[in-house]
Amino acid sequence: MTLSDFQTSLTNPQPPAHLSPIAEALWYDAKGDWTQAHNIAQSREGTRSYDRLHAYLHRKEGDDWNAGYWYRRAKADVFTGTLDEEWAELVKEYLP
């Protein structure tokens, strides 16, 4: 699946089958369901990729302090681009 395919799937009522949980969370986030995306991020706290997702979600929420905490937990640099750029980067990383 390409990023374009993923973006097209946002017109559907359900995420595509066989997505990784992180890609599924990013799908829900793009559909405006931050809570569902956050639930997925919280489901495996302490796992670097989930902590990285958690950082993005709190950055999007506008909670920079909390986002910084999760970037540190994920051992990742704070993303300095736009939220859309960060979302696309994460989607590409976690697509099947």
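In what follows, residues are counted from 1 in the order of the sequence shown.
Closest heavy-atom contact between Ala37 and Ala25: CB-O, 3.2 Å. Looking at every heavy atom in both residues, Lys31 comes nearest to Leu10 through NZ-O, 2.7 Å. Nearest heavy atom pair, residue Ala41 against residue Tyr50, reads O-CB, 3.8 Å. For the residue pair Trp27 and Ser9, the shortest heavy atom distance occurs at NE1-OG, 3.1 Å. In plain terms, the two heavy atoms of Leu83 and Arg59 that are nearest each other are CD2-NH1, 3.5 Å. Taking all atoms of both residues into account, the shortest heavy-atom contact from Asp51 to Glu45 is OD1-CA, 3.6 Å.
The structure places CG of Asp84 at 10.5 Å from CD of Glu86, a figure rounded to the nearest 0.5 Å. The distance from the CG atom of Leu53 to the CG atom of Leu90 is 7.0 Å, given to the nearest 0.5 Å.
Contact check on Asp29 versus Lys60 returns a salt bridge, with a Lys/Arg side-chain nitrogen under 4.0 Å from an Asp/Glu carboxylate oxygen.
Asp77 places none of its side-chain heavy atoms less than 4.5 Å from the side chain of Tyr71. Contact check for Leu26 versus Tyr56: side-chain heavy atoms found under the 4.5 Å cut-off. For the pair Met1 and Leu19, the minimum side-chain heavy-atom distance is below 4.5 Å. Between Phe79 and Arg52 the shortest side-chain heavy-atom distance falls below 4.5 Å. Annotation: side chain of His38 is in contact with side chain of His58 (closest heavy-atom distance under 4.5 Å). By the 4.5 Å heavy-atom criterion applied to side chains, Leu95 and Thr2 are not counted as neighbours.
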* Using the side chain to side chain contact (heavy atoms under 4.5 Å, CB included) rule, take Thr35 and Asp33 through it: C-alpha gap first, then chi angles, then the decisive distance, then the call. => CA-CA 5 Å; Thr35 300; Asp33 193 345; 4.0 Å; yes

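Within the 3.5 Å criterion, the main-chain N or O of Thr82 finds a donor-acceptor partner in the side chain of Glu85. Distance alone, capped at 3.5 Å, places no donor-acceptor pair between the Arg73 side chain and the Tyr69 backbone. Checking side-chain atoms of Trp34 against main-chain N and O of Leu57 turns up a donor-acceptor pair under 3.5 Å.
Checked by atom type, the side-chain pair Asp5/Thr8 shows no donor-acceptor distance below 3.5 Å.
Between Trp87 and Phe6, the ring-plane angle classifies as tilted under the 30° and 60° cut-offs.
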